[in-house]
Amino acid sequence: MFEPTSPHPFHDDVVALHERCGVYTQQKLVDELLDAIGWSAKEDLSGSRFLEPAAGDGAFVVRAAARLLESLEARGNVPEVGEIEDSILAYEILETEAEKARLRIGAYLADRGFSPGDAQYLAARWLRTADFLLEDHDEHTFTHVAGNPPYARWSSIPARLRGQYESALPRRMARGDLFLPFLDLSLGCLRPGGRLGMVCSDRWRFMAFAEEFREYWLQEIDIEIDEPIDAADAYMREVDAYPTFLVLRRRPAKRETERKPQARELTLGEAGFKVKVGPALGCTPAFVVNADTIKIEAEILAPWLDGTEVKEGAIDYRGRQVIVPYGDDGKLRDLSQYPLAWRHMKQHRAALERRAITRNGAKWYRPIDKVCLADWQKPKLLVPEIAKVPRIAFDASGAIPSHGVYAIFGAPDDLERLYRQLANGGLAAALEGIAPKVKGGYTRCYKRFLEKISIL
């Protein structure tokens, strides 16, 4: 009989971390994610292996088990314990949650006709009480990976547990956010040609803490789906997060071929242009207003644009404005000194106070990212983060873009030359072979890929 790993040495820290980020996935989304990676009864799963790195109470692993049995039976195979005992492996760090998952697996197997002993054996075999981040993993072992890894800023992980991770994990993982090492190790476990599907933050795509991760993995994977989803549709309880529906495919191994050195062109990043994404607000209805209907002090308002207003070569401004809670000195304003803004924001106070940054001690009206007028008033080029055909527009209005829009800043003459190069379809051509395509043929135009554009 398989014996679960011993309890975590920092059990109290694990419990505290679970209370912070133990957020489980809606069942509908579990099924959609399993469909997207091909772990389905429609597929022949007889030679496949499924991994879940953070099982919680078993939402993914129970459905994975059901699909495995349905796939085998649809092809006339009677599932035998010895044939399927290594088909699934899931990890859960907290024993109380792992036991819930094992009970759910066992109950499902018993309903499918397995004896109590076999059901208990498979439940224990398939789900380990162990810390996935501290286990030894064999590379290229699994054909499918799926799950909802925990999301927590690295600095918020309890100190002893954080120190253990930093001692055990490569540098590219132990930083920024807890979901990153889950994503990294899971990709390492995936066989060439295998697929990974996760509900996770999109911060790995553009944040500096994930730079080494991107350098390591983007040459090894294809991004098949990377679509934002509403947190209310993703999770079983309300959270302050920006999840995405992510499906990655590990590329088949290729033989190395001798390459001749070539002269390298100057890239946008090397040429001194600065690329930054619009600020995350955390509660758009509180911060973004129509000034014609909601009166706010003009000195703390700025034009606000989202990706739908950035057309090819033009801005289609719809008149919305964003409240700017920071002064040009970079300090948070005392919003009570602005009675109109204060009255408006208080109407959203309950929603604002539920955000993680507020629970961690920030003032309730603080946006997630710092929003300063001075940071956005210079002329800039605006690029929506995702587009069927990448597009670009020039903005000199001082507008603040949404979190789904990137801005390119540079010296006036250089910015004008760059705009001439990238306008009228030039951006799409420049990103060809650099930016990955996602579901539906859409292109992700985030910072890393914009910075790789060659300057003519």
Side-chain angles (χ1 to χ4, degrees), residues 153 155 176 202-203 206-209 240 242 269 272-291 294-307 309-310 315 317-346 348-349 351-353 355-358 360-385 393-412 414-415 446-447 450-451:
R153 297 290 175 91
S155 59
D202 64 354
R203 291 163 59 85
F206 52 82
M207 293 298 289
F209 71 75
D240 178 25
Y242 296 89
F273 293 95
K274 301 298 180 185
V275 181
K276 61 188 294 187
V277 70
L281 303 175
C283 184
T284 300
F287 292 100
V288 177
V289 300
N290 185 329
I294 299 176
K295 299 303 179 184
I296 305 290
E297 288 82 1
E299 61 267 34
I300 61 168
L301 288 178
W304 186 84
L305 300 166
D306 68 21
E309 294 165 280
V310 180
I315 300 293
Y317 179 52
R318 299 205 296 270
R320 291 172 295 175
Q321 295 186 292
V322 62
I323 296 171
V324 182
Y326 286 83
D328 288 343
D329 59 359
K331 296 181 179 179
L332 191 66
R333 305 177 195 269
D334 179 0
L335 208 61
S336 66
Q337 300 302 308
Y338 302 87
L340 297 176
W342 182 257
R343 183 174 62 186
H344 167 75
M345 294 294 282
K346 283 180 68 176
H348 299 274
R349 184 164 184 166
L352 290 165
E353 287 183 335
R355 300 173 303 155
I357 58 167
T358 302
N360 290 337
K363 284 189 180 295
W364 62 270
Y365 57 80
R366 198 202 106 173
I368 291 176
D369 293 333
K370 186 178 291 187
V371 185
C372 294
L373 286 168
D375 291 342
W376 302 97
Q377 287 183 323
K378 292 181 180 180
K380 54 190 176 290
L381 306 182
L382 297 179
V383 178
E385 179 185 67
F394 184 87
D395 175 65
S397 70
I400 297 176
S402 77
H403 195 55
V405 177
Y406 286 90
I408 303 172
F409 294 90
D414 294 339
L415 200 66
Y446 54 88
K447 179 179 178 180
L450 293 173
E451 289 179 335

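Note that the structure is a prediction, hence the values are computed from the model and not measured.
Figure legend: Lys276 and Trp376 shown as a cation-pi pair, the cationic atom lying under 6.0 angstrom from the six-membered ring centre and within 45 degrees of its axis.
Distance check, rounded to the nearest 0.5 Å: CD of Gln321 to CD1 of Ile296 gives 9.5 Å. The NZ atom of Lys274 lies 8.0 Å from the NZ atom of Lys447; values are rounded to the nearest 0.5 Å. Rounding to the nearest 0.5 Å gives a distance of 6.0 Å between OH of Tyr338 and CD1 of Ile300. Annotation: the span from Leu373 atom CG to Tyr326 atom OH amounts to 13.5 Å, rounded to 0.5 Å. Rounded to the nearest 0.5 angstrom, Glu451 CD and Ile408 CD1 are separated by 9.5 Å. Put simply, OG1 on Thr358 and CD1 on Ile368 are 9.0 Å apart, with the number rounded to the nearest 0.5 Å.
Residues forming a side-chain contact (heavy atoms from CB on, under 4.5 Å) with Ala393 (at least two apart in sequence, or on another chain): Val310, Ile315. Residues forming a side-chain contact (heavy atoms from CB on, under 4.5 Å) with Arg343 (at least two apart in sequence, or on another chain): Leu340.
Side-chain atoms of Arg355 come within 3.5 Å of backbone N or O of Arg366 as a donor-acceptor pair. Between the side chain of Asp306 and the backbone N or O of Ser402 there is no donor-acceptor pair closer than 3.5 Å. Using modelled atom types, one side-chain atom of Lys380 and one backbone atom of Ala399 make a donor-acceptor pair closer than 3.5 Å. No donor-acceptor pair closer than 3.5 Å links the side chain of Tyr365 to the backbone N or O of Pro325.
Taking the side chain as every heavy atom from C-beta outward, Val405 and Leu305 never approach each other to under 4.5 Å. A heavy-atom distance below 4.5 Å is not found between the side chains of Asp414 and Phe409. Counting heavy atoms from C-beta outward, Tyr406 and Leu450 have side chains that approach closer than 4.5 Å. At least one side-chain heavy atom of Glu309 sits under 4.5 Å from a side-chain heavy atom of Arg320. Under the 4.5 Å side-chain criterion, counting only non-hydrogen atoms from C-beta, Leu301 is not in contact with Val324.
Listed here is the closest heavy atom pair of Gly307 and Pro384: O-CG, 3.8 Å. Here the closest non-hydrogen pair linking Gly398 and Pro303 is O-CD, 4.5 Å. When all heavy atoms are compared, the tightest approach of Phe394 to Ala396 is CE2-CB, 3.8 Å. Nearest heavy atom pair, residue Cys372 against residue Gly327, reads SG-O, 3.5 Å. The heavy-atom pair separating Ala286 from Ile323 by the smallest distance is O-CD1, 3.7 Å.
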>> With side-chain contact (heavy atoms from CB on, under 4.5 Å) as the criterion, how do Leu352 and Phe287 come out once you've worked through the C-alpha distance, each side chain's angles and the decisive distance to 0.1 Å?
In response: CA-CA 10 Å; Leu352 290 165; Phe287 292 100; 3.8 Å; yes
> Yes or no on side-chain contact (heavy atoms from CB on, under 4.5 Å) for Lys295 and His344, after CA distance, side-chain angles and deciding distance?
Replying inline: CA-CA 9 Å; Lys295 299 303 179 184; His344 167 75; over 6 Å; no
>> Run the side-chain contact (heavy atoms from CB on, under 4.5 Å) test on Phe273 and Leu415 for me, step by step, so that the C-alpha distance in whole Å, both residues' side-chain angles and the decisive distance to 0.1 Å come before the verdict.
In response: CA-CA 8 Å; Phe273 293 95; Leu415 200 66; 4.2 Å; yes
>> Could you go through Val371 and Leu281, starting from their C-alpha distance and side-chain angles, then the distance that decides it, and tell me whether this counts as side-chain contact (heavy atoms from CB on, under 4.5 Å)?
In response: CA-CA 8 Å; Val371 185; Leu281 303 175; 4.0 Å; yes
